[in-house]
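To start, the structure under review is shown below, and the notes come after it.
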Amino acid sequence: MEHYNMNLNLKVWRQKNSNTKGSFKMYRVENISSEMSFLEMFDVLNEQLIEVGEDPIAFDHDCREGICGACSMYIDGKPHGPWHGNTTCQLHMRAFKDGDTIVVEPWRASAFPVIKDLVVDRTAFDRIIQAGGYISVNTGNAVDGNALPINKDKADASFDAAMCIGCGACVAACKNSSAMLFLSAKVSHLALLPQGEPERKSRVLDMVAQMDKEGFGSCTNTGACEATCPKEISISYIAQLNSEYLLAGLTKE
Amino acid sequence: MTWKQMFTSSVGKKLIMGFTGIFLILFLIIHVALNACIWANDGGKMFTQGAHFMGSTVVPRILEIGLFAGFILHVIQGIMLEIDNRKARGKVQYAVNFGNKGSKWYSRSMGLLGTIILLFLIMHIYHFWLPNRANQGFLLGEEIDLYATMKETFSNLWIVILYVLGCISLGYHLAHGFQSAFRTMGVHNKRYLSMVTTIGYAFSIIVPLAFALMPISFYLGWIQ
């Protein structure tokens with residue numbers, strides 16, 4: 001792929017804290033390499049801002065290799081930017097052309113309040129996991145890996161769901177700010193395995209209750225979550241969650 | 001876990017939408033099949049027999065109460081969900097929207113399409129159901145000539161246009177609603193999902209098209 005440099009206009013959401021009203025601000029960055037990642041381009045911009053004594057733009061990031069789920073950013077109308085099955089840190093500047101204007105916004109959801117600029121509070125996801133996204137095991141020696149037979153198809157389906165990195169792009173893309181793709185991935189990956197069986201019913205009921213308490217919306221199966229998920233989690237896991245919920249709701253004491 | 005808890009959670013509310021949605025889909029099959037009798041083109045003989053059975057037999061009249069309950073539940077739950085979901089989205093909107101790149105426009109517009117259908121239904125009930133039941137009294141009295149009423153109502157071009165618009169809204173509402181209802185009910189097996197999706201699209205074209213052709217047939221004089 002040919003390397004090129006570009007000059008860009010950035011329209012970035014700036015907000016001091018959760019109590020103040022935010023607004024967009026225009027910035028210009030020059031000589032950006034097409035080999036850079038989107039976050040590296042933001043590093044360059046922040047260096048510029050620091051040099052002139054301005055407050056740098058706050059954004060979430062950690063591993064910068066697409067596996068931690070820390071980076072967010074709603075870029076040009078899509079969470080994690082224009083590429084499919086991709087995180088913001090793995091979005092590279094060759095996705096853009098010289099002279100482009102890029103609009104960068106934080107995730108928008110009542111359950112994800114803006115902390116500062118592009119950083120939102122995603123601890124609602126942690127509380128949903130705490131409500132039931134685990135299995136209880138006694139301590140002691142690790143169980144022999146081959147002692148528990150698991151159907152290969154189910155193991156694969158479970159692993160596909162376990163790919164979820166909890167970044168919140170599904171919530172950001174959903175018109176209802178629903179967390180159902182996240183929740184369904186977390187419920188399904190345990191429901192598909194024998195280890196998840198003992199807490200299967202209470203897990204789905206408790207996690208749905210916590211999700212509602214956090215103020216996420218309902219799922220209307222539009223498919224926007226699936227279209228933006230960096231780990232390409234299928235929307236059919238939501239249908240699986242619904243069946244888990246229905247079964248648990250009908251049969252639990 | 002109480003029944004109340006089960007059906008008032010975000011997933012439970014959707015289950016109510018799905019249940020009532022599928023129930024209303026079943027009603028549409030009966031409605032379209034009976035009304036299709038007008039195309040026998042026998043001056044409304046076959047249609048009147050069917051309408052008479054539905055209007056003056058005890059069982060369909062009892063089912064009718066369930067039908068109204070289903071409609072009301074679907075409408076009220078739908079409005080409540082729309083309010084909840086807007087609240088979940090928050091006050092600040094995106095400057096650039098994901099829009100059609102992420103989902104189909106009609107899947108995001110179920111509330112709007114549903115409202116149009118509701119307005120259409122009010123007009124529809126006013127045209128046929130209300131005068132008929134008023135004539136019958138509370139129980140199983142004398143019915144009006146529904147075939148003649150159809151003929152007269154659909155001689156007005158504006159009413160025909162409004163009916164066709166109602167049917168188009170119904171088509172798009174079903175195009176998303178049919179498969180979404182089954183997903184909400186927990187159908188996640190890939191074979192069944194693709195079957196439900198295909199049947200859903202076919203249903204959302206065939207049934208509203210058949211309904212739309214009824215006023216058109218009368219207006220254009222295809223049936224006498």
Side-chain angles (χ1 to χ4, degrees), chain A residues 11 13 21-22 24 74-79 103 105-106 108-114 171-178 180 188 201 204-205 208-209 211-212 215-228 235-250 252-253, chain B residues 1-3 5-19 77-78 80-111 176-177 179-190 192-194 196:
Chain A
K11 191 178 168 189
W13 183 262
K21 256 180 126 175
F24 283 104
Y74 188 91
I75 303 158
D76 276 349
K78 183 178 170 289
V103 184
E105 303 172 69
R108 297 271 184 224
S110 298
F112 286 168
V114 174
V171 175
C174 176
K175 83 172 182 67
N176 308 325
S177 297
S178 170
M180 285 284 274
S188 299
K201 287 179 190 170
V204 59
L205 298 174
V208 167
M211 174 180 74
D212 292 350
F216 292 103
S218 285
C219 171
T220 47
N221 297 312
T222 66
C225 53
E226 181 186 54
T228 199
I235 192 177
S236 60
Y237 284 108
I238 296 183
Q240 177 146 11
L241 169 90
N242 291 331
S243 98
E244 291 286 327
Y245 182 88
L246 191 57
L247 204 72
L250 289 176
K252 201 162 185 299
E253 291 295 315
Chain B
M1 188 78 194
T2 62
W3 291 111
Q5 280 171 334
M6 182 179 172
F7 287 107
T8 51
S9 76
S10 61
V11 182
K13 285 179 197 161
K14 288 295 301 180
L15 280 172
I16 290 180
M17 288 309 275
F19 275 125
Q77 188 70 96
M80 281 166 64
L81 275 167
E82 186 75 25
I83 293 169
D84 285 353
N85 290 340
R86 282 182 189 213
K87 221 163 67 192
R89 171 47 100 195
K91 283 196 190 82
V92 188
Q93 299 298 314
Y94 286 119
V96 187
N97 272 304
F98 199 14
N100 294 333
K101 284 174 287 176
S103 53
K104 303 220 164 62
W105 72 267
Y106 51 85
S107 76
R108 300 193 306 273
S109 315
M110 293 298 274
H176 179 68
Q179 49 126 345
S180 180
F182 283 95
R183 285 175 183 276
T184 302
M185 310 287 288
V187 177
H188 62 274
N189 179 312
K190 284 204 175 74
Y192 283 99
L193 265 185
S194 68
V196 159

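Throughout, protein chains are lettered first and strands after them, A, B, ... in sequence-line order, and every chain is numbered starting at 1. As the structure is a computational prediction, the values presented were derived from the model and not from experiment.
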(request) Could you have a look at A:Cys225, A:Gly223, A:Ala239, A:Ser243 and say which one has the most heavy-atom pairs with chain B under 4.5 angstrom? (result) A:Ala239
(request) Give, as side chain, backbone, both or neither, the part of B:Lys91 having an atom under 4.5 angstrom from any heavy atom of chain A. (result) neither
(request) Go through the atoms of B:Val187 and report whether side chain, backbone, both or neither lie under 4.5 Å from a heavy atom of chain A. (result) backbone
(message) As an exercise: rank B:Gly99, B:Gly177, B:Gly18, B:Ala95 by heavy-atom pairs under 4.5 Å with chain A and give me the winner.
(response) B:Ala95
(message) What part of A:Pro106 gets within 4.5 angstrom of chain B, counting heavy atoms only: side chain, backbone, both, or neither?
(response) backbone
(request) Select one option (side chain, backbone, both, neither) describing which atoms of B:Met17 are under 4.5 Å from chain A's heavy atoms. (result) neither
(message) At a 4.5 Å cut-off on heavy atoms, which part of A:Tyr74 comes close to chain B: side chain, backbone, both, or neither?
(response) side chain
(message) Is there a side-chain contact between A:Leu241 and B:His188 in this structure, where contact means two heavy atoms from C-beta onward sitting under 4.5 Å apart?
(response) no
(message) If you apply the rule side-chain contact (heavy atoms from CB on, under 4.5 Å), what do you find for A:Val103 with B:Tyr94, and how did you get there?
(response) CA-CA 10 Å; A:Val103 184; B:Tyr94 286 119; over 6 Å; no
(message) To the closest 0.5 Å, what do you measure between OG1 (A:Thr220) and CD (B:Glu82)?
(response) 8.5 Å
(message) Please classify the contact between A:Leu246 and chain B as side chain, backbone, both or neither, with a heavy-atom cut-off of under 4.5 Å.
(response) both
(message) Are the side chains of B:Leu193 and A:Ser236 in contact, using a 4.5 Å heavy-atom criterion?
(response) yes
(message) Looking at every non-hydrogen atom in both residues, tell me the closest pair between A:Met180 and B:Val11 and how far apart they are.
(response) CE-CG2, 3.9 Å
(request) Measure distances from A:Phe24 to the heavy atoms of chain B and classify the residue's part below 4.5 Å as side chain, backbone, both or neither. (result) side chain
(request) Apply the side-chain contact (heavy atoms from CB on, under 4.5 Å) test between A:Ser218 and each candidate in B:Asp84, B:Asn85, B:Thr184; give the one that qualifies. (result) B:Asn85
(request) Quick one: closest heavy-atom pair of B:Arg183 and A:Asn242, and the distance? (result) O-ND2, 3.1 Å
(request) Check each atom of A:Ala172 against the heavy atoms of chain B and say whether the ones under 4.5 Å are side chain, backbone, both or neither. (result) both
(request) Could you tell me whether B:Lys87 atom NZ has more than 12 heavy atoms of other residues or ligands within 6.0 Å of it? (result) no
(message) Show, in sequence, the C-alpha distance, side-chain angles and deciding distance for A:Asn221 and B:His176, and conclude whether the side-chain contact (heavy atoms from CB on, under 4.5 Å) test is met.
(response) CA-CA 8 Å; A:Asn221 297 312; B:His176 179 68; 4.1 Å; yes
(request) Could you give me the CA-CA distance, side-chain angles and deciding distance for B:Phe98 and A:Cys174, then say whether side-chain contact (heavy atoms from CB on, under 4.5 Å) is met? (result) CA-CA 9 Å; B:Phe98 199 14; A:Cys174 176; over 6 Å; no
(request) Identify, with sequence neighbours excluded, every residue that meets ring pair (Phe, Tyr, Trp, His ring centres under 6.0 Å) alongside B:Phe19. (result) none
(request) Answer with side chain, backbone, both or neither: which region of A:Leu250 has an atom nearer than 4.5 Å to a non-hydrogen atom of chain B? (result) both
(request) Please state whether the side chain, the backbone, both or neither of B:Gln179 comes within less than 4.5 Å of a heavy atom of chain A. (result) neither
(message) What part of A:Glu105 gets within 4.5 angstrom of chain B, counting heavy atoms only: side chain, backbone, both, or neither?
(response) side chain
(message) Quick check: closest heavy atoms across B:Ala88 and A:Gly217, and the distance to 0.1 Å?
(response) CB-N, 3.4 Å
(request) Flag the one option from B:Gly90, B:Ser10, B:Ser107 with the top tally of heavy-atom pairs under 4.5 Å to chain A. (result) B:Ser10
(message) If you count heavy-atom pairs within less than 4.5 Å of chain B, which of A:Ala209, A:Ser110, A:Gly22 leads?
(response) A:Ser110
(message) Any donor-acceptor pair under 3.5 Å linking the side-chain atoms of A:Ser177 with those of B:Arg89?
(response) yes
(request) Could you grab the distance from atom NZ of A:Lys175 to atom OG of B:Ser103, nearest 0.5 Å is fine? (result) 9.0 Å
(request) Enter the distance from B:Leu81:CG to A:Cys219:SG here, rounded to the nearest 0.5 Å. (result) 11.0 Å
(message) With a 4.5 angstrom heavy-atom cut-off, is it the side chain or the backbone of A:Asp212 that approaches chain B, or both, or neither?
(response) side chain
(message) Just so I know, are the side chains of B:Val92 and A:Arg108 near enough to count as touching, which here means a heavy-atom distance under 4.5 Å?
(response) yes
(request) Please state whether the side chain, the backbone, both or neither of A:Val171 comes within less than 4.5 Å of a heavy atom of chain B. (result) backbone
